[in-house]
Amino acid sequence: LAKHPCGGDIRPMSQSGSARRGAQSRFQRWAQALSDRLDQWPVAARRALLAGTAVVCGLLGLLIITAPFDFYAQCLFASGCFVAALVLRRVPGRLTILIMIGLSLTASLRYMYWRLTETLGFDDWVDMVFGYGLVLAEIYALVVLVFGYLQTAWPLRRQPVLLKSPPSDWPVVDVFIPSYNEALDIVKLTIFAAQAMDWPKDKLRVHVLDDGRREDFREFCEQINVNYITRDNNRHAKAGNLNEALKVTSGEFVAFFDADHVPTRSFLQVSIGWFLKDPKLAMLQTPHFFFSPDPFEKNLDTFRSVPNEGELFYGLVQDGNDLWNATFFCGSCAVIRRKPLMEVGGVAVETVTEDAHTALKLNRAGYNTAYLAIPQAAGLATESLSSHISQRIRWARGMVQIFRTDNPLFGKGLNLGQRLCYLNAMLHFFYGLPRLVFLTAPLAFLFFDAQIFHAAGLMITAYALPHIFHASLTNSTIQGRFRHSFWNEVYETVLAWYIMGPVLVALVNPKRGGFNVTNKGGIIDEKFFDWKLARPYIVLLTLNMAGLAWGLLRLALGEEGATTTLLINLVWTLYNVIITSAAVAVASETRQIRAEPRVAAQLPARLTRADGSVIEGMTQDFSQKGVGLRLPEGVNVPQGERVQISLFRNQHLSVFPAVIVFSRGELLGAQFDALSLRQQSDLVRLTFSRADTWASTWGRGQVDTPMVALREVSRIGLRGIHELFKASAMEVRSLLRRRRVTPSTLENVLDK
């Protein structure tokens with residue numbers, strides 16, 4: 001028998017712990033099996049279960065939400081619910097998530113009921129302005145939370161449908177690659193990849209739609225036998241370009257790729273099967289995946305470690321929309337059946353988000369839309385913060401234009417689930433003003449002593465904390481693979497000031513504003529701090545830091561009866577300092593000296609040296625211009641040596657001449673010589689077009705842990721403050737240098 005050092009048999013304790021772990025494991029397996037069975041239910045049954053659960057929870061919740069509790073009863077109730085949520089979080093399965101959503105909505109709706117019935121007795125106009133402003137922002141956040149749960153509670157998780165008929169029976173597909181101002185080096189990658197798709201060559205028609213009407217594009221398309229389409233005007237921007245191409249093509253299906261989105265060889269075989277299974281299916285969308293970091297990832301050094309801004313939408317929201325037959329067309333990486341598209345008048349031209357509006361029209365016409373959460377194409381993310389903000393402004397303006405001109409709540413053709421999914425997508429872009437309210441609300445009390453909550457501080461804590469904690473914990477459980485906690489606040493803070501104006505203008509006058517093209521493929525030669533874009537964040541950070549200092553002073557002075565309220569507002573302000581300082585960090589643009597980012601991938605490669613010796617190795621990364629290699633240990637190839645690099649696909653081998661430009665032990669960097677068009681095409685087939693290149697890393701990052709995420713955002717916030725002080729010091733030194741050499745001092749120097 002095993003003995004404890006102090007004596008005694010420890011077997012009973014070990015058996016008890018083992019039995020407990022075994023019971024927990026069995027329960028988790030049962031919960032996962034139940035979840036798997038639920039996921040096999042038909043779509044209609046899943047929708048009915050969600051709707052029924054919502055009704056039952058609503059009726060039961062109505063009694064709980066409105067029940068009057070004193071402080072201690074509220075604390076006891078909230079603690080019990082939160083402990084239940086913490087336990088449930090460890091149990092896998094769809095049923096667990098539905099229960100956690102129910103607990104979260106109970107806490108949030110109970111808070112809002114209390115907020116509206118007990119805390120709005122304002123005494124003067126200052127309290128009234130700040131108080132009602134905050135409660136309106138909270139109502140907006142609650143509506144978006146409820147709709148978000150509806151969208152993400154039960155993703156459909158659609159799987160590909162295999163093509164069972166022989167290739168001779170497969171349909172004709174037109175591939176549209178619209179371009180306006182992108183460089184040929186960027187677009188040719190997409191063109192080569194489109195040609196490489198595994199589809200009968202007589203049924204694959206690749207078209208470059210050049211709204212820039214450039215001679216080098218026309219010549220390139222002629223050289224590689226790709227159809228080149230132009231028009232004599234640029235009316236309706238991208239939508240007009242696509243519609244003109246629809247007039248001169250005839251394929252049964254149209255695949256859309258932005259100029260920088262590179263499809264894999266399997267794209268059509270993965271996508272088309274659903275159209276053949278469902279005659280009413282009009283559009284199938286796949287994720288937008290990026291092989292270069294966006295400005296957040298680049299400037300904060302979080303590429304592939306923290307999910308980017310768009311991963312939640314493509315990883316979870318679109319999959320959830322699919323359950324309600326409300327998948328959005330996103331303009332690229334999608335296939336549309338030509339007949340229903342022409343029935344609704346082609347690609348929508350009434351708004352600047354022509355893609356989402358087109359999907360709305362297709363759903364209104366009674367057609368289905370679908371989402372396949374498997375990355376089958378990848379593109380370039382925006383390089384600079386200014387380009388990123390410009391792109392988001394266009395998206396926000398366009399969604400508000402749809403909200404005004406074709407509101408999904410009204411009109412015929414949509415079911416309730418579709419209406420709410422589309423509505424939530426449009427409401428999302430109204431976050432600018434509420435976000436600014438949340439970032440400044442505690443300052444109203446700290447600076448002006450405004451009583452925006454007419455309630456005791458302890459009661460505020462007892463009702464508000466369960467609402468906040470449950471929402472955070474539930475969203476972390478649902479979104480953990482595609483969005484880390486607190487990062488949404490950083491993204492929204494960076495964009496809030498800039499999208500607020502265009503959104504409000506579009507709400508008043510939806511015809512204002514035009515289409516802007518997002519530049520891709522640029523370089524940033526020098527690191528710099530973007531003072532112009534950072535101004536709103538700096539102002540918010542300064543105000544919150546001043547509020548924090550003033551509040552601490554008031555706390556130290558010991559204001560009678562205000563200690564709890566001061567502490568609540570100080571904690572809130574400290575959180576706002578963390579978020580705004582992280583937003584400041586994003587404005588510190590890092591260098592990007594490569595116009596073509598390298599893609600990390602381990603592929604078998606062979607290096608043939610000038611003396612004929614052959615070395616087997618593995619690639620580390622690749623681009624159109626070169627490749628990184630890892631050779632066996634102890635093998636060295638000097639920098640400057642000319643070599644032949646062979647890459648493989650099945651039994652096919654392609655050889656590319658190159659020169660070694662980097663050599664450190666077994667790690668090499670090789671730059672390709674000028675490649676022929678055939679070699680360029682082969683290189684794309686062997687690298688960017690691989691079916692597993694993008695899907696292998698999709699949704700496989702670190703799962704969210706709220707406290708770890710808070711620590712990470714706080715660390716970045718400290719870095720943002722450091723970058724701000726460093727940039728300020730550089731500006732001061734530059735100003736002093738300029739003032740030191742004035743015209744008068746220069747004249748004196750010349751006289752001497």
Side-chain angles (χ1 to χ4, degrees), residues 174-180 190 209 211 235-246 253-261 263 267 271 281-290 309-310 313-314 317-319 321-322 325-338 340-365 367-372 376-377 379 382 390-406 408 414 418 421-426 428-429 506 510 513-518 520:
D174 288 313
V175 180
F176 285 1
I177 305 173
S179 175
Y180 174 64
T190 304
L209 321 181
D211 251 7
R235 281 194 295 271
H236 301 304
K238 179 182 176 181
N241 193 10
L242 296 172
N243 286 332
E244 287 298 317
L246 286 171
F253 295 95
V254 181
F256 297 85
F257 297 101
D258 281 346
D260 63 296
H261 275 150
F267 180 89
S271 304
L281 181 62
M283 188 277 299
L284 185 139
Q285 178 70 53
T286 66
H288 287 193
F289 185 90
F290 298 99
E309 187 189 3
F313 179 74
Y314 289 107
V317 173
Q318 278 279 61
D319 214 353
N321 288 340
D322 199 12
N325 192 19
T327 300
F328 306 154
F329 174 40
C330 300
S332 181
C333 313
V335 180
I336 298 183
R337 198 189 300 263
R338 179 184 293 269
L341 181 60
M342 301 308 290
E343 284 182 18
V344 299
V347 179
V349 298
E350 299 88 344
T351 61
V352 296
T353 46
E354 74 290 330
D355 39 20
H357 200 178
T358 300
L360 176 60
K361 288 186 172 186
L362 290 169
N363 282 137
R364 282 198 188 278
Y367 288 102
N368 300 329
T369 56
Y371 183 67
L372 197 59
Q376 287 294 289
T382 51
S390 177
Q391 183 187 67
R392 267 43 178 187
I393 288 174
R394 174 168 61 84
W395 293 359
R397 180 189 294 122
M399 295 304 283
V400 175
Q401 286 175 335
I402 301 174
F403 181 81
R404 273 294 315 275
T405 61
D406 194 9
L414 301 179
Q418 290 172 321
C421 287
Y422 277 106
L423 180 64
N424 191 40
M426 296 165 194
H428 165 75
F429 287 100
F515 188 95
N516 61 290
V517 178
T518 306
K520 302 286 185 68

Under 3.5 Å, is there a donor-acceptor pair linking the side chains of Asn241 and Tyr180?
no

Ignoring hydrogens and angles, tell me if any N or O in the side chain of Asp260 forms a donor-acceptor pair with the backbone of Gly379 under 3.5 Å.
no

I need the Thr327 OG1 to Asn363 CG distance, nearest 0.5 Å.
8.0 Å

Taking the side chain as every heavy atom from C-beta outward, state whether Arg337 and Tyr367 have any pair of such atoms under 4.5 Å apart.
no

Say whether, by atom type as modelled, one donor and one acceptor occur between the side chain of Thr286 and the main chain of Cys333 under 3.5 angstrom.
yes

Classify the angle between the aromatic ring planes of Phe328 and Tyr422 as parallel (below 30°), tilted (30 to 60°) or perpendicular (above 60°).
tilted

Between Phe403 and Phe429, is any pair of side-chain heavy atoms under 4.5 Å apart?
no

Has the side chain of Arg338 got a donor or acceptor atom that lies under 3.5 Å from a matching backbone atom of Val254?
no

Going by side chain to side chain contact (heavy atoms under 4.5 Å, CB included), Val349 matches just one of Lys238, His236, Glu354. Which one?
His236

Let me confirm one number: the OG1-CD1 distance from Thr353 to Ile402, rounded to the nearest 0.5 Å.
3.5 Å

Would you say Glu309 and Arg392 make side-chain contact, with heavy atoms under 4.5 Å?
yes

Side-chain donor or acceptor of Gln401 paired with backbone N/O of Val352 under 3.5 Å:
yes

Does any non-hydrogen side-chain atom of Tyr371 lie less than 4.5 Å from one of Pro287?
yes

Would you indicate whether the side-chain heavy atoms of Pro263 and Thr190 approach each other to under 4.5 Å?
yes

When you measure from the side chain of His288 to the backbone N and O of Ser332, does any donor-acceptor pair fall under 3.5 Å?
yes

Counting N and O atoms only, with roles assigned by atom type, does the side chain of Asp322 sit under 3.5 Å from a partner on the main chain of Ala326, one being a donor and the other an acceptor?
no

Going by side chain to side chain contact (heavy atoms under 4.5 Å, CB included), name the residues that satisfy it together with Phe329, two or more places apart in sequence or in a different chain.
Phe256, Met283, Gln285, Ala334, Ile336, Asp355, Thr358, Ala359

Given 3.5 Å as the limit, does a donor-acceptor pair link the side chain of Asn325 with the main chain of Thr369, or not?
yes

Ion pair present between Asp406 and Lys361, side-chain N to carboxylate O less than 4.0 angstrom?
no

